[in-house]
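Starting from 1, each residue takes its place in the sequence as its number. This structure is a prediction, so every number in the text was calculated from the model and none was measured.
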Amino acid sequence: MGDVNMLLDEAIKEAENLNDGEVFLVKELFKGYVWNRIPRKDRLLLGTLFLNYVNKLNGEGIKAIEKTSSNQQRYMKIK
């Protein structure tokens, strides 16, 4: 699980680089080849951990919006 926590930290740092109003998926915070190298179970766990992190922010910085048709959570960067 240590690796997933490092990936979570990386995703949080990368999300800080987004502009206000940008909509994104967690996988878009990583380069394609990096995301593809993460085992599926770790990607699912990372998604859950990122959503928990966003929920703890209480709408400050990032908020969870709708899910995609493939059930991926979308987020929006906010002020």
Inset, instruction - May I ask you to test the Val54-Phe50 pair for a side-chain heavy-atom distance under 4.5 Å? - result: yes
Legend entry - ILVMFWY network linking Leu57 to Val26, side-chain heavy atoms under 4.5 angstrom: yes
Inset, instruction - Kindly compute the distance separating NZ (Lys67) from CD (Gln72), expressed to the nearest 0.5 Å. - result: 10.0 Å
Inset, instruction - May I ask you to check whether over 12 heavy atoms, not counting those of Glu66, lie within 6.0 Å of atom CD? - result: yes
Inset, instruction - Over all heavy atoms of both residues, which pair between Gly47 and Tyr75 is shortest? Give the atoms and the distance, please. - result: O-OH, 4.0 Å
Output side-chain donor-acceptor pairs under 3.5 Å for residues 33-42, partner residues at least two apart or in another chain, one line each.
{"unit_1": "Asn36", "atom_1": "ND2", "unit_2": "Gly32", "atom_2": "O", "d": "3.1"}

Legend entry - Interatomic spacing from CD1 in Ile65 to CD in Gln73 - rounded to 0.5 Å: 8.0 Å
Legend entry - Atom pair OH (Tyr53) and CD1 (Ile62), whose distance is rounded to the nearest 0.5 Å: 5.5 Å
Inset, instruction - First locate atom NZ of Lys63, then atom NZ of Lys77, and finally report the distance between them rounded to the nearest 0.5 Å. - result: 14.0 Å
Inset, instruction - Tell me who clusters with Leu25, hydrophobic residues only, linked when side chains sit under 4.5 Å apart either directly or through other members. - result: none
Legend entry - ILVMFWY cluster, Leu18 and Met76 together (side-chain gap under 4.5 Å): no
Inset, instruction - Give me the one residue out of Leu51, Val4, Asn5, Leu29 that meets side-chain contact (heavy atoms from CB on, under 4.5 Å) with Leu46. - result: Val4
